[in-house]
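Let me begin by presenting the structure, written as structure tokens, before commenting on it.
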Protein chains: 2
Amino acid sequence: MISQPSLVDLACEEIKRLIANGDLGADERLFEPRLAAQLGISRPPLREALRILAAQHIIEQTPRRGYRVVSLSQNDVDEIYGLRYVLEKFALDQLIPKLPDADFHDLEETVTRMWDAARNDDAVGVFIANRDFHLTLVAMAGHRRLQQAYSTLMDQMQLYMSRNLSIEAQTHGGLLEGCKRHERLLESLRSGDAAAIAEAFTAHGERRYLPISAAQASIW
Amino acid sequence: MISQPSLVDLACEEIKRLIANGDLGADERLFEPRLAAQLGISRPPLREALRILAAQHIIEQTPRRGYRVVSLSQNDVDEIYGLRYVLEKFALDQLIPKLPDADFHDLEETVTRMWDAARNDDAVGVFIANRDFHLTLVAMAGHRRLQQAYSTLMDQMQLYMSRNLSIEAQTHGGLLEGCKRHERLLESLRSGDAAAIAEAFTAHGERRYLPISAAQASIW
DNA sequence: CAAAAGAATACTGTCTACATTCAACGTCGA
DNA sequence: TCGACGTTGAATGTAGACAGTATTCTTTTG
């Protein structure tokens with residue numbers, strides 16, 4: 001059963017897009033009347049959308065002083081990466097027992113996309129494929145709350161990165177190198193060997209998680 | 001700078017209270033007009049509150065069919081406990097390096113409260129003290145997003161438990177036994193020895209996390 | 001008697017409008 | 001010239017009303 005999305009849902013997506021595009025910068029205030037007019041909706045549905053985004057830590061609200069786009073400090077980035085690592089590790093732990101019956105199709109598709117984009121030097125394409133790879137991986141764990149928490153975290157990072165850094169500057173070690181690491185991780189998953197998976201995952205994330213400067217935030 | 005809480009905040013708290021009290025049962029629909037009248041506010045602030053609670057997975061929304069209190073299946077309980085374990089473990093990892101400079105005052109206070117309540121056979125008091133112990137512990141890690149995720153999870157469990165089970169039935173091993181386990185965990189934290197902490201934490205959570213039936217959900 | 005269709009009711013989604021509060025700017029005084 | 005106070009303007013917090021849609025009950029037909 002499908003239904004047309006409500007204005008609230010549309011507003012959420014559109015505001016996230018505005019932030020990702022850089023139309024709304026870090027620390028920028030969101031004025032309800034202006035934004036409502038810009039989106040062509042009235043304030044009530046917009047306000048509900050803002051509440052949702054605030055709950056996801058994409059914007060923050062201070063009473064009587066409205067909403068503003070969050071600006072991530074170095075500490076914030078460290079927090080996000082640290083939590084992301086833990087959640088993805090947990091996802092793998094949950095996933096490993098299920099691997100024999102797992103369907104790798106979706107995961108393979110993202111890796112294929114990643115290779116294609118990398119060969120065309122399409123950094124944005126690699127970026128998106130990478131994001132989808134990890135979201136798919138976590139989704140395979142079959143843990144709804146985990147998936148939810150993880151994708152919220154990814155959203156926070158993604159919005160920040162597309163705002164502050166050129167994608168190219170964030171691809172440590174080159175596009176093709178990153179593809180290879182994901183390929184290896186996928187292979188280890190196919191093997192189902194827990195030790196190999198742990199190793200591939202650690203190698204994959206080696207330079208990315210744990211003390212990492214905000215300016216060096218990596219897309220992987 | 002202080003400011004009076006908005007109706008949205010008040011509505012959030014009140015609705016959570018209604019659920020905890022059992023006035024709103026699992027799977028029960030939340031009718032906006034009725035609820036707004038009951039709370040003495042109009043629908044717009046109520047709707048914003050509902051959006052927030054939905055984002056916290058305390059209620060769920062289906063388009064054009066309103067909101068309903070979530071009902072937790074056994075699988076949901078397993079999910080929450082699993083994630084809670086991972087997050088609290090991560091909190092300890094983050095906390096250990098900071099232990100030499102840590103202030104245990106707040107933590108000690110919750111343990112004191114727990115003992116007092118246990119001696120008076122006050123299961124609800126123990127329940128609350130236990131909750132505060134873990135929230136305080138996680139807060140000491142100094143990781144805002146972690147703390148946020150953790151307390152959201154605790155809310156989900158707490159609301160469910162106070163709805164479905166008598167507190168007494170959930171205190172595995174007796175009230176005093178639980179106090180002792182927390183006391184030991186606190187002692188290990190004071191020692192600062194990582195191995196001892198890990199052991200105390202595992203012993204503390206032994207029977208609680210991982211395959212646990214919904215009916216057996218424990219307060220610890 | 002049961003099932004399906006239609007009508008009535010009630011709830012959600014959305015909008016317009018009003019009250020309240022905060023922040024910035026200008027003015028007045030020291 | 002600098003600081004403080006008051007005023008003004010704009011944005012947030014809230015309320016009430018209307019339109020559209022789902023659900024339920026009743027009625028009618030097979």
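Excluded from the calculations below are hydrogen atoms, water molecules and symmetry mates; all remaining heavy atoms, backbone and side chain alike, are included. Lettering of chains follows the sequences in order, A, B, ..., and the numbering in each one begins at 1.
With 3.5 Å as the limit, one finds no donor-acceptor pair spanning the side chains of Tyr67(B) and Arg29(B).
Atom CD of Gln38(A) is separated from atom C1' of dA11(D) by 16 Å (rounded to the nearest Å). Nucleotide dA23(C) holds its C1' atom 11 Å from the CZ atom of Phe31(A), rounded to whole Å. In this entry the distance linking CD1 of Ile59(B) with P of dT12(C) reads 11 Å, nearest Å. The distance from atom CG of Leu7(B) to atom P of dA19(C) is 17 Å, rounded to the nearest whole Å. At whole-Å resolution of the value, OH in Tyr67(A) and P in dT12(D) are 9 Å apart. Taking atom CG on Asp9(A) and atom P on dT12(C), their separation rounds to 16 Å, with Å as the unit.
OP1 or OP2 of dG13(D) sits under 4.0 Å from a side-chain N or O of Gln61(A). Between dT23(D) and Arg65(B), a contact under 4.0 Å exists linking OP1 or OP2 to a side-chain N or O.
Between Phe201(A) and Tyr85(A), the angle of the ring planes stays under 30°, which puts this pair in the parallel group of the 30/60° scheme.
Residues His143(A) and Phe90(A) place their aromatic rings such that the two centres sit under 6.0 Å apart.
Side-chain proximity of Pro33(A) to dA11(D), dG13(C), dT14(D): nearest is dA11(D). Side chain of Arg29(A), nearest nucleotide from dA11(D), dT14(C), dT12(C): dA11(D). Checking dT12(C), dT12(D), dC11(C) against the side-chain heavy atoms of Glu32(A) singles out dT12(D) as nearest.
With respect to the salt-bridge test (charged N to carboxylate O, under 4.0 angstrom), the residues Arg84(A) and Glu88(A) qualify. Under a 4.0 Å N-O distance rule, the pair Arg113(A)/Glu108(A) does not qualify as a salt bridge. At a threshold of 4.0 Å, the pair Asp76(B)-Arg144(A) counts as salt-bridged, since one of the basic side-chain nitrogens sits closer than that to a carboxylate oxygen.
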Under the salt bridge (Lys or Arg N to Asp or Glu O under 4.0 Å) rule, what do Arg68(B) and Glu60(B) come out as? Steps first, then yes or no, please.
-> CA-CA 6 Å; Arg68(B) 51 190 339 132; Glu60(B) 58 188 351; 5.4 Å; no
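A heavy-atom distance below 4.0 Å to DNA chain C is reached by these residues of residues 43-50 of chain B, ordered by number: Arg43(B), Arg47(B).
Using a 4.0 Å heavy-atom criterion, one finds that Leu30(B) contacts the sugar-phosphate atoms exclusively.
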